[in-house]
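What follows is a single structure, written as structure tokens, with notes after it.
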Amino acid sequence: MSSILNGKKLAVIGDPIEHSLSPLIQQAMLDELGLYCTYGRILVPAGTVAAWLPGTPGMNLAGFNATMPHKADLVPLMDTLSDDARMYRSVNTVVIRDGHFHGHNTDGAGFLRSLLDEDILPEGKKIAVYGAGGAARSVVLKLAAAEAKSIAVCCRTPAKAEELARSSARVHVVALGSPDFERTLAEADLFINCTPLGMQGVPAQFADFRFLDALPASAPVCDLIYRPLKTELLKEAEKRGHQTMNGLGMLIHQAILALELFAAMPLDAALMKKAVEKRLIPVLHQKV
Ligand code: NAP
């Protein structure tokens, strides 16, 4: 296939970077498309991305993805920013064209696409989001832009979410364990876990799952976690009859959207998802 990516390189930067799944995901798509382009990992130590960036055009890079801890540091370094990157104040995809850096963020749009794949439509819905970190920020702001009726950011440190709540009239903060939290769950049409609770390798887990009893059985329960593919939260939600969704769709869709930006062309998302799942799912079943 002819493409501006042929003969170029792509990469993911981060610190640490050795466990990133981006090379596996992106290479599966590049191979499926028959593109002559390799996708690697680059360790860029925390705090050094501003010094590293000017050298990238000389590295034959067509662009790169960014993970912890560079997503916020990249924002002021870009020549242009997409609306989403500006809204989240976070860049996960940088397209390099003619020595200029174009910053994007595909996390929120990737999450939205993963919901749509499961026929979960946020428009007009009351949504309870658990957690208020970086992933919650992109999910919450994208859901607000997608015209969710209201989004309650349920978190243990409400002060940290106040600024997020000020960014949209649809967003408000609810303290975990408060009477408001119970009320929020009872009225919710959708519940989304945006904390690392239940993630493989993270010792912390939900103290118990009784809070799920307050949630209407018709409300789908989503977890951004994809390792394990079925967290305890999702198992408990299934027991109670909820539709469930893990974070795999978000992980894959944010990558497809990034490749569309690198290649400057639309991709067949269903075909790309299938190619990625074939390589990724066996790896996700391995213990790390
Ligand atoms: P983060 O920025 O560190 O935020 C984590 C959030 O979880 C914070 O609000 C934190 O609260 C809260 N939290 C942590 N432990 C808690 C506990 N015991 N009780 C209540 N709240 C707790 O992390 P992140 O980048 O947002 O990532 C969150 C999760 O999303 C991770 O599991 C990550 O793997 C997943 N994720 C998935 C995708 C995907 O593509 N599927 C993409 C991004 C992230 P405090 O601020 O009070 O500490």
Side-chain angles (χ1 to χ4, degrees), residues 12 14-16 19-22 24-26 46 65-73 84 88-93 105-115 117-118 128-143 151-165 171 173-178 181 184-185 191-209 211 221-234 244-259 273 276-277 280-281 283-284 288:
V12 57
D15 178 16
H19 296 302
S20 170
L21 291 168
S22 292
L24 183 152
I25 294 171
Q26 293 288 347
N65 290 117
T67 184
M68 289 251 295
H70 303 309
K71 287 176 161 191
D73 291 354
D84 280 8
Y88 313 148
R89 292 200 300 272
S90 164
V91 166
N92 79 339
T93 302
N105 193 310
T106 61
D107 283 338
F111 177 71
L112 203 56
R113 277 200 186 182
S114 72
L115 280 184
D117 273 358
E118 302 299 321
V129 168
Y130 197 96
R137 185 176 173 80
S138 53
V139 163
V140 165
L141 293 176
K142 198 66 185 178
L143 290 170
I151 304 143
V153 182
C154 308
C155 58
R156 63 180 177 182
T157 324
K160 285 194 193 169
E162 292 300 344
E163 191 269 336
L164 179 56
V171 181
V173 183
V174 170
L176 289 181
S178 67
F181 179 51
T184 299
L185 291 175
F191 178 91
I192 305 165
N193 176 39
C194 294
T195 74
L197 295 175
M199 188 161 95
Q200 195 175 301
V202 170
Q205 178 57 278
F206 288 91
D208 63 67
F209 293 97
F211 66 92
V221 173
C222 303
D223 204 328
L224 295 200
I225 294 170
Y226 47 81
R227 208 170 197 159
L229 288 164
K230 197 178 281 186
T231 56
E232 290 303 314
L233 171 71
L234 296 188
T244 61
M245 182 184 96
N246 64 22
L248 184 63
M250 176 180 181
L251 178 70
I252 296 176
H253 276 300
Q254 62 78 27
I256 297 172
L257 289 162
L259 186 54
K273 197 174 169 202
V276 172
E277 281 177 348
L280 182 59
I281 290 178
V283 171
L284 292 178
V288 284

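Start at 1 and go down the list; that is how both ligands and their atoms are numbered.
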query: To the nearest 0.5 Å, what is the distance between NZ (K273) and CG (D117)?
result: 4.0 Å
message: Assess, by modelled atom type and distance only, whether the side chains of N193 and D223 contain a donor and an acceptor separated by less than 3.5 Å.
response: yes
- request: Report yes if some heavy atom in the side chain of I281 is under 4.5 Å from a heavy atom in the side chain of L248; otherwise report no.
  value: yes
- prompt: Parallel, tilted or perpendicular for F211 and Y130, by the 30°/60° rule?
  reply: parallel
message: Which protein residues come within less than 4.0 angstrom of ligand 1, counting heavy atoms only?
response: G131, A132, G133, G134, A135, R156, T157, K160, L176, C194, T195, P196, L197, M199, L224, I225, Y226, G247, M250, L251
- line: Contacts of T93 meeting side chain to side chain contact (heavy atoms under 4.5 Å, CB included) (sequence neighbours excluded), chain-then-number -> N65, H104, T106, A258, L261, F262
query: Within a strict 4.5 Å, meaning less than it, do heavy atoms of the H70 and T67 side chains meet?
result: no
